[in-house]
Structures are given as structure tokens and as C-alpha cells.
**Student:** 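For reference, the structure I am asking about is given below.
We're numbering straight along the sequence, starting at 1.
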Amino acid sequence: MSERVKEVAKEDFEQAKVLAQDAVRSGAYLYPFKGIVYFFSHRALWRPLAAKLVPTMSLGLGVTIFMFAVTYVPQAAVLAIFNGPLAVLTTFLLVLSESSTIFSILSKNFLIDDALIDTFDGTLLCRNMTSLVSTERQIKSGSDPVAKLGKLVSKPFAKFTPKAMIRYLMYLPLNFIPVFGTVLFVILQGRKFGPTAHARYFQLKQMKPREKQDFIENRKAAYASFGVPAVLLELVPIVGIFFSFTNTVGAALWAADMEQGRQSGQSSTAPGLRNQAELAKKAE
């Protein structure tokens, strides 16, 4: 039995190692930061954020202050039982995560949905992906990428579903585990965040559910590596709204690079590593 346990542990470790290598080689973790740089260097992309800045900043400030005032002390008391002195830090991160989630639900459903779509599409136009964007919206003439955006055919960003909330609440107890639990919580959140950031790309590509599922599965390590830094950036109090837009820019840049790679016959993932992962799975 002990030999079998060692064998399974070794196989799981090899799979994790391959996925980690795939994530690193994909370079997807760099796109949230590339999004920040690209956003700052392209003033035309500021317009959607500027139009929503005051109401969203007010909402973010209000939610964060309320959550720290009402929930920090009782949650710190509970976490202190499990985390000891580290409860001060882990509770801080937990309340930030809760505030970010509430803010994300409210803002993306009621305030910035259209602005994020415009930011994503505008970034693609900056990268000369006009034919891709035109599959789902009208494109006007002109040189300003945001001003060229016409009427949307349909909206891709799904509303925050009960299933997503249930999953969030299921992961929440991980914060009771000192340090490691909080890190794992962020990783799990990031794993789901990655594919969500490309919801618009999937729609522009007119992918069917099965195609989208396969696309994500083949790039699951890359999507997780994109999602973790993106989630951490959006956890920053108040200015997380700014990073919501820069993450959208980063996701669009990644989509543009995928398209250019596809057109040139290159793969946007690490197929050799994925094949190793599949072989490791079959060995179970």
C-alpha cells in the first residue's frame, strides 16, 4: 500500500510540475502587467473608465469601508483560533477578497459591464483585429479605436450566478489554514477568473460551448497563471476598479497574440508539455 501511495504521489507531483511549466512557458501571467503598461500608453482606452470613474470609486470605497467596519473584528476573532498572530494579516486579505467580490458583483452587473466590453474591443482594434471585433459589433470609420466602436450585437459577460457564489463560499473556509490556505484560496479564485476574462474573446470567435470548453482545458495552466495576478490586483482596495480595466486590456492583448500566433501557424500554448501531462494522467 505504501508503495502505491508513493507512486500516486509521484504521478500527481509530475502532473503538477508539467502544469507549472506550461504556465510559465505560456507567459500568461505577464498579461495583467502588460495590460497596465498598454493602458497607460494608449489614452484612447481611458475613455470607458473615465466615464464610470466617479460612481465606481464611490461604490468601491463604500463597500470596503462597510466590510472592514462590520466584518473585520468578528472574522479576526474566529481566525485567531486557527491562525494565531497571523490572523491580523489573513483576516485583512479575507475581507479584501469579500469586498472585492461584492464590489465585482455590483459594479460588473450594474455599472461597468458595457465599459469593459468597449475596453476589450478597443484594445483589439488597437492591435488591428478589426475583422475579429466586427463579427459581433458595428465598426465606424475613424482613427480613435474607442470612437470607432458601434452597436453591440450581444453582450458576453455573464451575470454573477448562484453557482459562482456557492463556489466562492465553499472556498472561503480555506482562509482558516494559516498562509497556505489563503494562498490556495487566491489560486482557486484565479483559476476561474482566467477563462472569465476571455468571455468576450470566446463570443467574438463565435465558439460553441464544447469548443470553448476544449479551448480552456488545453490552456488551463495558462488561464490560472493569468487569473492569479489579475485577482490579486483587483483585491487592492478602491483602485481595484482601475485594475479591472487593465486586466481587461491584458486579456485582450493575450487574445490578439493568440490570433496572430494562429494566423502565423504558431501555437499559443505549450503542446509538448500538455502531451506530457496527458501521458501522466493515463499512467494513473
**Student:** Identify the heavy atoms of Cys126 and Pro145 that sit nearest to each other, and give their distance.
**Tutor:** SG-CG, 3.4 Å
**Student:** Taking all heavy atoms of Ser244 and all of Leu116, pick out the closest pair and write down the distance.
**Tutor:** O-CD2, 3.8 Å
**Student:** Would you say Thr246 and Tyr38 make side-chain contact, with heavy atoms under 4.5 Å?
**Tutor:** no
**Student:** Does the side chain of Arg127 come within less than 4.5 Å of Asp257's, by heavy atoms?
**Tutor:** yes
**Student:** Looking at Lys148 and Asp144, is there a salt bridge between them, counting it only when a charged N and a carboxylate O are closer than 4.0 Å?
**Tutor:** no
**Student:** What heavy-atom pair brings Ser107 and Leu59 nearest, and what distance separates the two atoms?
**Tutor:** N-CD2, 4.0 Å
**Student:** Measure the shortest side-chain to side-chain distance between Leu106 and Leu111 over non-hydrogen atoms and say whether it is less than 4.5 angstrom.
**Tutor:** no
**Student:** Does the side chain of Phe103 reach to within under 4.5 Å of the side chain of Thr64, using non-hydrogen atoms?
**Tutor:** no
**Student:** If you measure from CG on Leu86 to OG1 on Thr91, what distance do you get to the nearest 0.5 Å?
**Tutor:** 10.0 Å
**Student:** Of all heavy-atom pairs between Thr119 and Pro48, which one has the smallest distance, and what is that distance?
**Tutor:** OG1-CB, 3.5 Å
**Student:** Closest approach of Ala230 and Asn247, non-hydrogen atoms and distance?
**Tutor:** O-ND2, 3.2 Å
**Student:** Specify whether Phe226 and Phe193 have parallel, tilted or perpendicular ring planes, treating 30° as the upper limit for parallel and 60° as the lower limit for perpendicular.
**Tutor:** parallel
**Student:** Check whether any side-chain heavy atom of His42 lies under 4.5 Å from a side-chain heavy atom of Val146, and answer yes or no.
**Tutor:** no
**Student:** Quick one: does Gln75's side chain have a donor or acceptor within less than 3.5 Å of a partner on Thr71's backbone?
**Tutor:** yes
**Student:** Of Lys151, Arg200, Arg47, Arg137, which is the lone residue that meets salt bridge (Lys or Arg N to Asp or Glu O under 4.0 Å) with Asp118?
**Tutor:** Arg137
**Student:** Sort out for me which residue in Tyr223, Tyr201, Tyr29 forms a ring pair (Phe, Tyr, Trp, His ring centres under 6.0 Å) with Trp254.
**Tutor:** Tyr223
**Student:** Using 30° and 60° as the class limits, which term best fits the ring planes of His198 and Phe120: parallel, tilted or perpendicular?
**Tutor:** perpendicular
**Student:** What distance do Glu259 atom CD and Asn128 atom CG have between them, rounded to the nearest 0.5 Å?
**Tutor:** 13.0 Å
**Student:** Using the six-membered ring of Tyr31, assess whether NZ or CZ of Lys34 lies under 6.0 Å from its centre and within 45 degrees of the ring axis.
**Tutor:** yes
**Student:** Does any N or O in the side chain of Thr56 come within less than 3.5 Å of the main-chain N or O of Leu53, such that one atom is a donor and the other an acceptor?
**Tutor:** yes
**Student:** With a 4.5 Å limit on heavy-atom distance, are the side chains of Leu45 and Phe40 in contact?
**Tutor:** no
**Student:** Does the ring-ring contact (aromatic ring centres under 6.0 Å, His included) test come out yes or no for Phe92 and Phe68, once each step is laid out?
**Tutor:** CA-CA 8 Å; Phe92 179 79; Phe68 271 95; 5.5 Å; yes
**Student:** Can you confirm whether Gln206 sits close enough to Glu211 that some side-chain heavy atom of one is under 4.5 Å from a side-chain heavy atom of the other?
**Tutor:** no
**Student:** Do the non-hydrogen side-chain atoms of Gln260 and Met129 ever get within less than 4.5 Å of each other?
**Tutor:** yes
**Student:** With hydrophobic residues grouped by side-chain heavy-atom distances under 4.5 Å, do Val37 and Phe243 end up in a single group?
**Tutor:** no
**Student:** What is the distance from atom CG of Leu152 to atom CG of Asp121, rounded to the nearest 0.5 Å?
**Tutor:** 7.0 Å
